[in-house]
Amino acid sequence: MQVPLLDLKAQYKSIKTEIDQALQTVLNETAFAGGPFVARFEEAFAAFCECRHAVGVGSGTDALWMALIAAGVGPGHEVITVPDTFIATAEAITFCGAQPVFVDVEESTCNMDPNKLEEAITERTKAIIPVHLFGQPANMDPIMEIARRHGLIVIEDACQAHGALYKGKKAGSIGDAGCFSFYPGKNLGAYGEAGAVVTNDDSLAEKMRMFRDHGQARKYEHSMIGWNARMDGIQGAVLSVKLNHLEEWNNARRRHAGLYGELLRNIEQIVLPTEADYARHIYHIYAIRVKDRDKLISRLAEHQIFCGIHYPVPLHRQKAYESLAVPAGSLPVAEQCASEFVSLPMYPELKEEQIEHVYETIKSLML
Ligand SMILES: *Cc1c(COP(=O)(O)O)cnc(C)c1O
């Protein structure tokens, strides 16, 4: 039995009629760059996130970058984030001319440790980017409390957390802005590149709408220097169809995580992901932790079970960020987690037999 890490074809098959029809409509209307299909999706996604605004952009990376620019982050500023994330979180900071500052994560969630946050704040700190890693929100209440006390902006990296909840509130709706990626493999994935920023701040939304379209509110009237970071019409149409299925898909992921947990908890060499009391985890990634992961991953691949690693090297240990000179061992929890993560196959269409097969195979390899 083959078990891929994810299966986008299975999902397309399940919604083919709706998608094909939506794509045909965009082709008939030739509304390809921005336009009505993007606007319709923005409205639906803002409502889904329980926010006043959603601004569709070209990618999750664009979303983070634009949110920071609109919030006034620039040269001379520091932005605090975590090292266990995709590099885009830090790139967005760097491409504003600011400097990323990394704080360590909590052992239980592998998300930003609020207890480490305050000591990282300096007079240059302008913003904080908590990342909702794997689909579980960071502990936002203490993060927001510290941010407000120091007058800092909070931009949530919710690129893996479409529909996740923190104390009943939607991920992305808690900080000053929330950034989403619709990269094809995300829980809400486009058929190409796309992203969005959600916010309740009218002036932030207005700036981002201008910025993504060359700083113009009306054609060729450029009141600020912007960029081209528009979302495609095709992506808007695809995402509008898929948004209607997101809750059912997230619930399927949660059921799969429940079954994985029930089975794998018998294997003592494995640290299972846990759901914090405050959270509804939507399991974009189901990451277990094991000591000898490379051996496990290659032996599972021999059995046609394909795993991933999100992410093998924490950002402060990447060559791209060697100029920050953050030494190995200085963010010990993040480094430990990164060296042990193994992402097991996880997608809504995964079958119970496949999960049982993954468990039986791991058991035969480890016990
Ligand atoms: C996917 C992702 C991004 C970047 O999104 P893109 O759409 O690929 O640009 C940023 N942060 C995190 C945590 C992500 O998972």
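Whatever order the structure lists ligands and atoms in, that order sets their numbers, starting from 1.
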* Aromatic plane relationship, Trp227 with Trp65 - under 30° parallel, 30 to 60° tilted, over 60° perpendicular -> perpendicular
What is the nearest protein non-hydrogen atom to [atom], stated with its residue, atom name and distance?
atom: atom 2 (C) of ligand 1; result: Lys186 NZ, 2.7 Å
atom: atom 7 (O) of ligand 1; result: Ser181 OG, 2.6 Å
atom: atom 10 (C) of ligand 1; result: Cys159 SG, 3.5 Å
atom: atom 11 (N) of ligand 1; result: Asp157 OD2, 2.9 Å
atom: atom 15 (O) of ligand 1; result: Gln160 NE2, 2.8 Å

* Does a sphere of radius 6.0 Å around CD in Glu352 hold more than 12 heavy atoms from other residues, nucleotides or ligands, not counting ones at 6.0 Å or beyond? -> no
* Would the number of heavy atoms belonging to other residues, nucleotides or ligands and lying under 6.0 Å from CD of Gln21 be above 12? -> no
* ligand 1 contact by His284, heavy-atom criterion under 4.0 angstrom ->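 Per 4.0 Å heavy-atom rule, His284 does not contact ligand 1.
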* Inspect the contact between Arg40 and Glu43 and indicate whether a charged nitrogen and a carboxylate oxygen are less than 4.0 angstrom apart. =>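 Arg40 and Glu43: not salt-bridged.
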* **Electrostatic pair Glu18:Lys242 at N-O distance under 4.0 angstrom** =>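 Result for this pair is no, no salt bridge flagged.
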* Backbone, side chain, both or neither: what part of Phe134 comes under 4.0 angstrom of ligand 1, heavy atoms only? ->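 Contact part for Phe134 vs ligand 1: neither.
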Output the list of atoms in ligand 1 that are nearer than 4.0 Å to some heavy atom of [X], sorted by atom number.
X: Gly60; result: 5 (O), 6 (P), 7 (O), 9 (O)
X: Ala88; result: 4 (C), 10 (C)
X: Ser59; result: 7 (O), 9 (O)
X: Thr61; result: 4 (C), 5 (O), 6 (P), 9 (O)
X: Thr85; result: 13 (C)
X: Thr89; result: 11 (N)
X: Tyr311; result: 15 (O)

* Asked: Taking the six-membered ring for Trp, is the centroid-to-centroid distance between Phe182 and His162 below 6.0 Å?
  -> yes
* For the rings on Phe134 and Tyr286, is their centre-to-centre separation under 6.0 Å? ->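 No; Tyr286 has its ring centre 6.0 Å or more from that of Phe134.
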* For a side-chain contact (heavy atoms from CB on, under 4.5 Å) with Pro348, tell me which candidate from His245, Glu248, Arg253 qualifies. => Arg253
* Asked: Does a donor on one side chain sit under 3.5 Å from an acceptor on the other, for Asn111 and His132?
  ->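 Absent: no donor and acceptor within the cut-off.
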